[in-house]
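Here's the structure, in structure tokens; my notes come after.
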Amino acid sequence: HSTAQPRLLGFNEPDFYIVVTFHDITQAKLAEQMRVDFVANASHELRTPLSSLIGFIETLESMDERDPEAQARFLSIMHSEADRMVRVIDDLLSLSRIELDRHVQPRGRVDLARLIDDVLKSQTHDAEARHMTLEADLPGDLPAVRGDRDQLFQVFQNLVRNAIKYANEGSTVTVRGRPLDRVPESGEPGASVQVIDRGEGIPEEHLPRLTERFYRVDTARSRRIGGTGLGLAIVKHIVTRHRGNLTIASTLGQGTTVTVSLPLFEPAASDARQREPAGA
Ligand code: ADP
């Protein structure tokens, strides 16, 4: 409210401080609320499979007559519940590692075309299981980007996995790379990669929240097909750390396109000097 008469306020005026403090408390409260929600959500995500495991253990303990068929069925469910806990924990660990390094910008040289090829190869088995085709649309002159290869692998692997999980059986997933004049926000020259699927799409009201931790459009479905609700949060964190940009566009009944833009690789000045011939 003090902005209405800014010239009347000296820096020692108490009103000035009231405004700043109010803002800080709001931010701090928001951060605190997010932390509380996160702990509650994470606990719930781990408790659900654990409760189911305990239930099956008790059932197995109380089975008096031997029923190898039922036992095998229960053990297989227990195995997949335990696998789910491992996936949630692995994703949580990934997230915390990325958050820890968020102020350090990765500067390695990453050959995008090769990286995407490797990601697609790693997903052929899952794509075949759903009779889907993975298609790469990459120009020969796709420039190298700046970053951490393992983390960028994780970005595109998560996006291609989502496309395979949520698009229609038998459909084609396209990964399209293009040079880009300017990465939105940072303004640096870069490259963009789009992961395009022909699925049922995502209702518009969900789009802004998809990168929140544990946010899902259909929780039961995501859990059934092995989702943790953390994939896009991880993608967002990694892309931000790379000073890149992430957009998700979707049309109901047609499919979803996720676009990742990344800045180009630039050799550090010291590397360039090292490569110059002696005496140059
Ligand atoms: P999950 O592990 O549940 O897949 P993500 O963070 O990767 O978690 O995605 C969040 C949610 O966004 C998913 O649960 C799903 O509802 C929706 N989603 C993500 N990618 C797609 C896609 N390509 N098509 C349709 N829905 C998607």
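Remember, it's a predicted structure, so these values are computed and weren't measured experimentally. Each ligand, and each atom within it, is numbered from 1 in the order the structure gives.
Tested against R241 for a side chain to side chain contact (heavy atoms under 4.5 Å, CB included), the candidates Q105, Q151, K236 yield a single pass: Q151.
Looking at atom 11 (C) of ligand 1, its nearest protein heavy atom turns out to be Y215 O, 3.8 Å. At the top of the distance list for atom 17 (C) of ligand 1, counting protein heavy atoms only, stands V217 CG2, 4.0 Å. Protein heavy atom in closest approach to atom 7 (O) of ligand 1: N162 ND2, 2.9 Å. When only non-hydrogen protein atoms are considered, atom 8 (O) of ligand 1 lies nearest to G229 CA, 3.2 Å. Looking only at heavy atoms of the protein, atom 9 (O) of ligand 1 is closest to L232 CD1, 3.6 Å. At the shortest separation from atom 4 (O) of ligand 1 among protein heavy atoms lies Y166 OH, 2.7 Å.
In this model, a donor atom of one side chain and an acceptor atom of the other lie less than 3.5 Å apart for Q33 and D37. With no hydrogens or angles considered, a side-chain donor-acceptor pair links S222 and R216 at under 3.5 Å.
Residue-level proximity to ligand 1 for H206 is absent, since no heavy atom of it falls below 4.0 angstrom.
Across all non-hydrogen atoms, the minimal contact from S122 to F153 is OG-CZ, 4.0 Å.
Among A167, S222, G226, G255, the residue whose heavy atom lies nearest to atom 3 (O) of ligand 1 is S222. Closest to atom 12 (O) of ligand 1 by heavy atom, among L210, L230, V88, is L210.
The D197 neighbourhood of ligand 1 comprises atoms 22 (C), 23 (N), 24 (N), with distances under 4.0 Å to a heavy atom of that residue. The atoms of ligand 1 that sit less than 4.0 Å from any heavy atom of K165 are 1 (P), 2 (O), 4 (O).
For R102 (side chain) and E99 (main-chain N/O), a donor-acceptor pair under 3.5 Å exists by modelled atom type. The main-chain N or O of A144 is never found under 3.5 Å from a side-chain atom of R109 such that the two would form a donor-acceptor pair.
Separating the CD1 atom in I196 from the OG1 atom in T256 is a distance of 11.0 Å, to the nearest 0.5 Å.
Taking the six-membered ring for Trp and thresholds of 30 and 60 degrees, H206 and Y215 have ring planes inclined between 30 and 60 degrees apart.
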